[in-house]
Structure formats: C-alpha cells, structure tokens
Amino acid sequence: MTKEDIKGSAEEPLAQSKKALKKQQKEAEKAAKKADKQAKLAAEQQTTDEEDFAKDRYGLSPMLQSQQKLDRVLVRVQDLTPKKADQLVWVRARIHTSRAKGKQCFLVLRQQQFNVQALVAVGDCTSKQMVKFAANISKESIVDVEGVVRNVDQKIESCSQQDVELHLQRIFVISQAEPRLPLQLEDAVRPEVEGDEEGRATVNQDTRLDNRVIDLRTTTSQAIFRLQSGVCQLFRDTLINKGFVEIQTPKIISAASEGGANVFTVSYFKTSAYLAQSPQLYKQMCICADFDQVFCIGPVFRAEDSNTHRHLTEFVGLDIEMAFNYHYHEVVDQITDTLVQIFKGLRDRFQTEIQTVNKQYPSEPFKFLEPTLRLEYKEAVAMLKEAGVEMGDEEDLSTPNEKLLGRLVKEKYDTDFYVLDKYPLAVRPFYTMPDPNNPKYSNSYDMFMRGEEILSGAQRIHDPQLLSERALHHNIDLEKIKAYIDSFRYGAPPHAGGGIGLERVTMLYLGLHNVRQTSMFPRDPKRLTP
C-alpha cells in the first residue's frame with residue numbers, strides 16, 4: 001500500500017465525521033427554531049385567549065341535529081336591498097370568496113344565484129382573531145352571519161346585490177367544505193371567450209359533470225334549471241287552463257313503444273320487459289277511453305348510441321294527445337299555442353335567469369311569431385334546393401339540413417320557431433295517418449327551435465284494420481302490439497299529438513350548444529354517473 005493510499009484512507013473517516021457534525025448542527029438548529037416557533041405560538045395563543053373579547057361571536061357550530069328551535073329569522077340574500085339599510089340581520093349563505101387585507105376581511109356570501117359583499121373588520125365587536133378566523137374559512141362552507149346592512153357609495157359590480165354590503169358582527173360555520181375543491185366556481189362561470197383571450201382557466205364539460213353537485217351551484221346552472229322548472233310549470237298551467245287532464249303512464253312495458261330496436265331491455269321476473277321510448281300508446285288509449293285531451297311529463301328512454309350535442313339516452317318528455325273534430329291542424333294549433341305561451345312566460349317571468357345565462361353564454365333573444373309559421377315539407381325541400389342542397393323530395397332531413405333550413409327561415413320570416421307539416425310517410429312511424437290526397441305524404445309534423453327539432457307529432461291511425469296493415473308494412477309483429485291495436489276496436493275518436501324534449505327546449509330557448517348543460521344529471525351512451 002502506498003503512502004497516498006494510507007493518507008487517503010485516513011482522510012475518509014475525518015471527512016465523514018465533519019459531515020456528520022454539520023448534519024447534527026443543522027438538526028439542532030432546526031429543532032431550536034421549531035421549539036422557538038412553538039413557544040411563540042403558545043405565547044400568541046395565550047395572549048389570544050386573554051385578549052380575544054369576541055370569542056363568543058365566531059367559531060365552528062356543533063353539528064346541527066335539530067337540537068333546538070330558534071326564533072331567529074334568516075333573511076334571503078336577494079332581499080338585501082337599500083330598503084333594509086341599517087337593519088341588523090341574520091343570513092345563511094356559502095362563502096363564495098374571501099380576501100384578507102390588514103385588519104379586515106372581505107367575503108362574498110352566495111345563496112343560489114344571488115350574492116352580497118360582507119366585511120369583517122377589527123372594531124368594538126370584532127377582534128383580530130375573529131378577522132383571521134373569517135379569512136381562513138374554506139370556500140363553499142356554509143355560514144350563519146349576523147350583520148348590519150349598509151348602503152355603499154359605489155356599486156359593487158361583482159355582486160348581484162350591488163347597492164349594499166353586510167358589516168358582520170358574528171360568524172359561525174354551519175358546514176365546513178374541504179379546502180381542496182374539484183373545480184373553482186369562478187372558473188366554471190367564466191365565458192369561454194374570456195378564458196381563451198386572457199388565458200384564464202375555464203372548466204371542461206366532463207369535469208363539470210363528474211362534479212355536478214358543485215357545478216350546479218354556479219349562478220349559470222342555477223338560472224338554467226330554474227328556467228327549466230318554469231318550462232314545466234308553464235306547460236302544465238297552460239294545458240290545464242285549456243281543459244287537458246294530466247296522466248301518468250307506465251315506463252316498464254312489454255313491447256317497444258315505437259316498434260323499433262332502440263329500446264333498453266330489463267329483466268322482469270322470469271321474462272324480459274322494455275323501458276318506454278314514449279308514452280305514445282298509453283296517451284292514445286286514454287283518448288279511446290274518452291279523456292279527450294291529455295298530457296304527461298315523465299322520463300323517456302332511448303337506447304341510441306348517439307354521442308351528439310342533442311341526444312340523451314334518458315330525457316324528460318312533455319307529451320300531448322287530443323281528440324279533434326275534423327282536421328288534425330286543430331291539434332297543431334293547440335300545441336303551437338302552448339309553446340308560444342311558454343315562450344311568453346319565460347320572456348316575461350325569467351329575465352333575471354336569461355340575463356345570468358347570457359353573461360356566460362351570449363345569444364340572440366328567442367324570436368317567435370303569432371300565429372306560428374307553418375311550412376309544408378315540400379316548401380322546405382324547395383328552399384333547401386334553392387340554397388344548393390341536393391336531396392330527394394321524400395328524403396328525411398339530415399341534422400345539417402335542419403340547421404340550414406332554420407337559418408333560411410330566420411332570414412326570410414324572422415322567427416326561431418316554426419312548424420314543418422306533411423312529412424313523407426316513408427320516414428314516419430307505423431301509426432302515422434297517411435295524407436288522404438297524396439299517399440306518399442302523411443298527416444305529420446315536426447316543430448323547430450333555432451333550426452333544431454323539439455317536437456315530433458302526427459295524426460294517429462285510429463282504425464284497427466289500417467293500423468294492422470301499416471304495422472305489417474313496417475315488419476312489426478302484430479302479436480306484440482295486440483293490446484294497442486285492440487284498444488281501437490271499440491270506437492276511437494280521430495286524434496293527434498306529439499312529444500317534446502324538455503332539455504332541448506331549454507337548451508334552444510337559451511341558445512346553448514349542448515343538451516347536457518340542460519340535463520341535471522345527464523345520461524348518454526358514455527355516462528351513467530353521478
């Protein structure tokens with residue numbers, strides 16, 4: 001072994017011991033710092049306990065298990081207006097945002113689609129610790145606050161309640177949200193254009209739908225589904241005023257409603273059954289049972305593997321059926337009038353919701369005519385051919401052609417809503433009444449909003465012989481629809497009707513671009529949760 005080797009091996013333990021010494025020193029310094037920090041915190045805590053004169057005015061409330069009935073009145077955020085200036089009020093809301101600044105903290109309190117600014121500032125009722133507590137409450141937590149309503153000199157543009165703010169004196173957390181949210185609500189309401197131009201975050205559709213319970217809290221979602229509730233209410237009220245009877249129909253049935261293959265099969269004890277594609281057959285049976293005018297609101301199931309912006313495998317159907325005297329246009333007039341009443345009601349009663357949605361998804365106001373524009377299918381084909389579309393007279397409309405026709409109708413007649421009448425018989429279901437003047441056409445119609453179909457309807461065949469012939473023509477097993485055909489054997493009035501998709505009406509009225517935005521918990525070929 002050389003001298004160098006001996007020297008090197010002697011230096012190694014020396015170097016290691018130096019390293020170990022340094023490490024020990026570092027750890028000792030770290031421990032000293034930690035002890036110092038803990039001592040400071042303990043001292044702070046002690047002074048906190050001593051000095052916190054407001055400790056009974058804030059904190060985490062015990063879990064609310066209906067322990068007591070309080071006489072306390074909670075004021076709605078939307079009712080916080082200058083009329084309530086200088087009043088002391090209690091409010092329950094979510095923490096939308098918080099921003100601490102020196103000895104004060106600004107909160108935005110949100111309740112559904114309304115929000116108000118609140119201020120927690122060090123003062124006679126409020127300690128530093130209370131301000132710190134308020135600033136550290138996680139977003140989306142539910143709080144009960146007591147405060148004085150104050151008028152503001154300058155409008156608070158970021159809140160729905162722009163003329164007042166709340167000066168808080170008490171704040172208690174009723175339900176604490178986890179600090180990490182799957183999505184940020186301010187990102188979820190940001191217009192996509194703004195996100196693209198300014199490089200700010202927006203939330204994609206799958207993230208929204210995976211975390212729907214949070215997405216539904218946004219002002220936009222709140223507005224969409226409140227307006228959708230209005231569609232149902234207006235539909236129901238209008239028809240009841242017209243003398244219609246609301247009915248409920250079975251959703252588990254023994255044969256496919258439309259005679260087609262797009263049905264969900266379910267096991268039914270020792271046999272199989274299907275989920276109803278439509279309440280069609282039962283609406284008609286009610287007409288044969290002398291109810292004259294009926295409607296129903298309920299789920300409709302379609303086993304179509306369509307991953308488009310407007311198809312769902314389960315949606316809400318608004319269905320109408322009625323007997324008429326001499327011509328099926330009596331029914332068309334009733335349906336169009338019902339839809340016009342809905343459009344008017346939405347325009348007059350839901351402006352707040354329409355404006356809220358418009359902030360995130362701008363669109364032109366929905367236009368309609370009175371009386372409603374009605375075009376024959378042949379006229380529509382002529383308009384499309386004139387615009388350069390190549391299609392046969394008896395060919396069904398493709399989605400692009402529907403949209404193009406919508407644009408052409410808007411240019412020519414300035415309406416977003418119209419009826420297309422007299423469809424070719426070949427593209428309609430087996431129970432559709434043929435046109436008496438031209439066997440290639442039928443007494444059937446579709447209704448459109450902004451160039452997309454929202455209702456499909458027709459005069460139904462009420463003669464069992466003709467109905468059987470048409471069913472056989474469509475290769476339908478008569479045995480499977482025996483109960484349906486039999487219901488027309490004992491005297492059936494002439495009748496017609498149609499089915500409307502609730503989610504489509506909401507989507508198209510608001511000028512949105514995907515039906516999943518207007519389905520609370522959408523079902524499509526790729527989504528079965530939440």
Side-chain angles (χ1 to χ4, degrees), residues 112-113 212 215-251 275-280 282-283 286 291 293-302 310-322 331 334-357 361 366 368 372 416-417 447-450 452-457 497-512 514-523:
Q112 295 160 352
Q113 71 260 55
R212 193 60 157 156
D215 182 50
L216 287 172
R217 293 177 190 173
T218 66
T219 48
T220 306
S221 292
Q222 287 282 319
I224 288 170
F225 290 103
R226 284 166 196 282
L227 182 133
Q228 187 172 86
S229 169
V231 174
C232 276
Q233 191 186 341
L234 289 159
F235 178 76
R236 180 176 274 121
D237 290 351
T238 303
L239 290 173
I240 285 172
N241 287 338
K242 287 176 180 287
F244 279 69
V245 176
E246 183 170 6
I247 59 167
Q248 306 299 333
T249 63
K251 305 306 171 212
L275 294 180
Q277 291 165 294
S278 154
Q280 178 65 47
Y282 298 97
K283 291 189 301 176
C286 287
F291 281 93
Q293 303 180 114
V294 297
F295 74 93
C296 62
I297 301 173
V300 173
F301 303 91
R302 299 279 166 93
R310 64 178 190 169
H311 283 95
L312 294 169
T313 51
E314 179 183 349
F315 62 91
V316 177
L318 308 177
D319 274 86
I320 297 176
E321 202 76 22
M322 65 174 274
V331 181
Q334 286 281 35
I335 298 173
T336 54
D337 181 62
T338 299
L339 283 161
V340 165
Q341 294 309 317
I342 291 171
F343 302 150
K344 282 180 174 176
L346 295 178
R347 179 195 66 197
D348 298 342
R349 286 155 51 179
F350 289 86
Q351 267 315 309
T352 304
E353 286 76 9
I354 292 165
Q355 297 309 322
T356 301
V357 175
Y361 302 105
F366 187 80
F368 54 93
T372 300
D416 288 310
F417 175 58
M447 295 182 190
F448 295 84
M449 289 173 66
R450 297 193 201 261
E452 295 195 40
E453 176 230 313
I454 54 127
L455 173 141
S456 198
I500 303 164
L502 172 65
E503 292 85 352
R504 275 197 199 176
V505 170
T506 313
M507 169 181 83
L508 295 164
Y509 184 82
L510 290 168
L512 299 172
N514 197 305
V515 73
R516 288 157 191 79
Q517 293 169 289
T518 57
S519 174
M520 200 166 256
F521 298 101
R523 294 288 174 262

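- Side-chain atoms of Arg302 come within 3.5 Å of backbone atoms of Gln277 as a donor-acceptor pair (strictly under, hydrogens ignored).
- Nearest heavy atom pair, residue Met520 against residue Leu216, reads CG-CD1, 3.8 Å.
- Atom CZ of Arg226 is separated from atom CZ of Arg349 by 14.5 Å, given to the nearest 0.5 angstrom.
- How far CD of Glu353 is from CD of Gln222: 10.0 Å, rounded to the nearest 0.5 Å.
- Note that OG1 of Thr372 is 8.0 Å distant from CG of Asp337, once rounded to the nearest 0.5 Å.
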- [ ] Test side-chain contact (heavy atoms from CB on, under 4.5 Å) on Val231 and Leu318 and set out the steps.
- [x] CA-CA 10 Å; Val231 174; Leu318 308 177; 4.2 Å; yes

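- Taking each heavy atom of Leu312 and Pro522 in turn, the nearest pair found is CD2-CB, 4.0 Å.
- No side-chain heavy atom of Phe368 sits under 4.5 Å from any side-chain heavy atom of Met449.
- The nearest pair of heavy atoms linking Arg212 to Phe225 is NH2-CZ, 3.6 Å.
- Taking 4.5 Å as the limit, some side-chain heavy atom of Leu339 sits within range of a side-chain heavy atom of Ile500.
- The side-chain heavy atoms of Phe295 and Ile240, taken from C-beta on, include a pair separated by under 4.5 Å.
- The two residues Asp319 and Gly499 come nearest to each other via the heavy atoms OD2-CA, 3.4 Å.
- In summary, of the residues considered (Thr220, Ile354, Leu346), a side chain to side chain contact (heavy atoms under 4.5 Å, CB included) with Leu510 occurs for Ile354 alone.
- Of the inter-residue distances, the one linking Ile342 atom CD1 with Gln233 atom CD reads 11.0 Å to the nearest 0.5 angstrom.
- A side-chain donor-acceptor contact under 3.5 Å links Ser221 to the backbone of Asp215.
- In this structure the side chain of Gln341 never reaches within 4.5 angstrom of the side chain of Leu234, judged on heavy atoms.
- Closest non-hydrogen pair, Leu508 versus Arg450, comes out as O-NE, 2.5 Å.
- Side-chain atoms of Glu246 never come within 3.5 Å of backbone atoms of Arg236 as a donor-acceptor pair (strictly under, hydrogens ignored).
- For the side chain to side chain contact (heavy atoms under 4.5 Å, CB included) test with Met322, the passing option among Gln293, Lys283, Lys242 is Gln293; the others fail.
- Between the side chain of Gln517 and the backbone N or O of Met507, no donor-acceptor pair lies under 3.5 Å.
- In this structure, Leu502 and Cys232 have side chains that are in contact, with non-hydrogen atoms separated by less than 4.5 Å.
- The shortest side-chain heavy-atom distance between Arg347 and Tyr509 falls under the 4.5 Å cut-off.
- The backbone N or O of Thr219 sits nowhere less than 3.5 Å from a side-chain atom of Gln112 that would complete a donor-acceptor pair.
- One finds the CD atom of Glu321 at 14.0 Å from the CZ atom of Phe291 (value rounded to the nearest 0.5 Å).
- Between Ser278 and Val300, the shortest heavy-atom distance links the atoms N-CG1, 4.2 Å.
- Between Leu512 and Val357, the closest side-chain pair of non-hydrogen atoms falls below 4.5 Å.
- Atom CZ of Arg523 is separated from atom CZ of Arg516 by 12.0 Å, given to the nearest 0.5 angstrom.
- In this structure, the side chains of Arg504 and Ser519 stay at 4.5 Å or more apart for every pair of heavy atoms.
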